[in-house]
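Down below is the structure, laid out as structure tokens.
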Amino acid sequence: MSFIILVPLLPLLASLITLIGRNASGHRRAKIAAYPIGAAFLGALMTLWLVATQGPVTIRFYDPASLSMLAFPIGFHIDRLSAVMMALISAVGTIIYIYSVGYMHQDPHERRYLTLIAFTTFVLLCMVSSANLMMLFLLWQILSYLLYLLAHNHAHEATLEGAFGTFTLLRVGDVAFMAGIVLAHQLYGTLEFQTLFTKAIESPVTLTPLPGIEIGGATAVTLLLFLGAMSKSAQFPLHIWLPRSLYAPTPVHALLHAGIINAGGFLINRLAPLYGLSSTTLHVAFVVGTLTAVLGATMMLAQNDIKKTLGFSTIGQMGYMIMECGLGAFSLAVFHLIAHGLFKATVFLNCGNVIHKARREPAFPHADHPGEEEGFSRLTWATGFITTLLIPLLILLVTHGVLRVPLLESQGAVIFLFFIWITSSQAILTLTRLRAVASWKVSSAMLLTLLFVVFIYLFAVGSFTAFLYPNPKEVASYFQAAALPNWLFDVIVVMATLMTVFGWWYLYMRAHGRTMWVSTWMEDTRDRLYVLFINRLYTDEIYQKFGQMVMRVAHRFDKRQQGWSQ
């Protein structure tokens, strides 16, 4: 098992290879440093196989029982969740580093940049395999500093301002995170994950912060830790640091959107047994995640910059992930994390190619002027209508609304079914925009897409859930803790259904050259909403005015203090 230690240490070795040496041989050393990072990925795959077959691995480098320099042990605890994350991070890190060697070639600060990329991979691998909550927090802090350094071009005023804003805003979540750690240690006397979970379950604590107000100890701890997850995973209203950081090189954002920003989802899953003790925190996570998903996706549609579009897309996807945690679907959130990480990393690298080519060729991308588009064929329309509306609605109504057939754990099963439907509908609605392809080919693609999405989600429901959380009772307890009132759950399902049906109707009308009648006030509201969302809800201006107000109050207080001292 000694090779497990090498998995995070190999990217550290790569960073040293790029850092130490003469500038003349820097590019050659940068190419050599790719091999240790690739070897780390192979080691992560071996670790995943070892943990899956033989159980979790714990490695201790320091124990406070033998020395008294630190109050918490240092080491690794690698279970299935950690092993999966290590494989993801090392794979994405390898791809991004190799891409960066060519992308940043001849940049005056190439050596510093590649060193930071390799070192960030090392920190991420150590964080997901941390042995306790305090070690995880310290590595979490290092990531915040690295985000500032990875902005790279600090000579550019907007880049420096965005990096400083990112660093400052993340401090808000980090303070709450630290408060949660202190409270957890005060209540349970430990920061070791398994011991913490056991004590929280066996010895529930009730706090009275104000007279007449009681709150569970697990709820107080998880709410504070959730604020830390909100800041790192760019949840509304702590999302504004992500758009500000988009001046950094594109490969940085590939690593950020595939690894660093997933830290919030990883933290919640790492502490899933603790979050499962607090229905309140799960409901808060559901509301915050849903709001972030809707606002992030809407702001994405209003952007006209390729990197901002991808950035707000990530905010929406992170909201989707947090919402899944709030529903108790922790394994689905991890699956979403992996899929989004791989997808968004490659999209950002391709985005870098487009930007690089556009700088060389002023006419790129070429403005095409296609002829008039043809309407939907009846076969395409019928296939999409049946596969995304009739069949899923029939299954959903039969299993939940009409016959009340119990599936696994009531809401838990409907959640997975509903995610299957929404995801497949999004994909199939996109396919209806194909015009130059024969309708039977589009219809076949729709059917294959539906089968693929169903297969993927069934895998997430069955095999992947059983892999991450082998105890079925534990999974059922999470869904039970996150369960919403039946009336509210039904309202959410009905509203999402109506919105999907409305989407089909709107596309059908547009495809046939028809318009929908709307009143004047609705058109005015639509225009105002567009302005609101293209300006990102004016959150930057609100935060700026709030900061100025705080500074004025601080200056007045400082002057008053000086007057008293005199």
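What you are looking at is a predicted structure, and each value in this text was computed from that prediction instead of being measured. Position 1 is the first residue of the sequence; numbering continues from there.
One distance of note links CE of M86 with CG of L45; it measures 10.5 Å at 0.5 Å rounding. Put simply, CG on L138 and CD1 on I181 are 7.5 Å apart, with the number rounded to the nearest 0.5 Å. A distance of 5.5 Å separates CZ of F177 from CG of L225, quoted to the nearest 0.5 Å. Rounding to the nearest 0.5 angstrom, the gap separating the CD1 atom in I89 from the OG1 atom in T120 is 11.0 Å. Rounding to the nearest 0.5 Å gives a distance of 11.0 Å between CG of L139 and OG of S144. Here E192 contributes atom CD and F197 contributes atom CZ; the two are 11.0 Å apart, rounded to the nearest 0.5 Å.
Side-chain N or O atoms of T53 include one that pairs as donor or acceptor with a backbone N or O of L50 at under 3.5 Å. T314 places a side-chain N or O within donor-acceptor distance of the main-chain N or O of L310, the cut-off being under 3.5 Å. For the pair S233 (side chain) and I261 (backbone), a donor-acceptor distance under 3.5 Å is present. Between the W241 side chain and the S231 main chain, a donor and an acceptor come within less than 3.5 Å of each other.
Residues F119 and F122 bring their aromatic ring centres within 6.0 Å. Checked against a 6.0 Å centroid threshold, the rings of H77 and F193 do not count as neighbours.
The only option from L125, T121, L124, V123 that meets the side-chain contact (heavy atoms from CB on, under 4.5 Å) definition with P8 turns out to be L125.
Atom CZ of F343 is surrounded by 12 or fewer heavy atoms from other residues, nucleotides or ligands within 6.0 Å.
Screening residues 259-271 for salt bridge (charged side-chain N to carboxylate O under 4.0 Å, His left out), with sequence neighbours left out, gives D79-R270.
Scanning all heavy atoms of the two residues, the minimum distance from F312 to P243 falls at CZ-CG, 3.6 Å. In this structure, M178 and M134 approach most closely via the heavy-atom pair CE-CE, 4.0 Å.
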For side-chain hydrogen bond (donor to acceptor under 3.5 Å, both in side chains), just list the numbers for E474 and Y478, CA-CA rounded to whole Å, side-chain angles, deciding distance to a tenth of an Å, and then say yes or no. CA-CA 6 Å; E474 181 184 4; Y478 296 152; 2.4 Å; yes
Please assess T190 against K199 for the test side-chain hydrogen bond (donor to acceptor under 3.5 Å, both in side chains), listing each intermediate value before the final yes or no. CA-CA 9 Å; T190 182; K199 289 190 175 183; 5.8 Å; no
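Relative to the ring axis of Y145, R171 places its NZ or CZ within 45° and under 6.0 Å from the centre.
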Got a list of side-chain donor-acceptor pairs under 3.5 Å for residues 290-298, not counting sequence neighbours?
residue: T290; atom: OG1; partner: F286; partner atom: O; Å: 2.7
residue: T292; atom: OG1; partner: Q235; partner atom: OE1; Å: 3.4
residue: T292; atom: OG1; partner: F236; partner atom: N; Å: 3.0
residue: T292; atom: OG1; partner: V288; partner atom: O; Å: 2.8
residue: T298; atom: OG1; partner: V294; partner atom: O; Å: 2.6

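Two residues are said to be in side-chain contact when any heavy atoms from C-beta on lie closer than 4.5 Å; N269 and Y469 meet this criterion.
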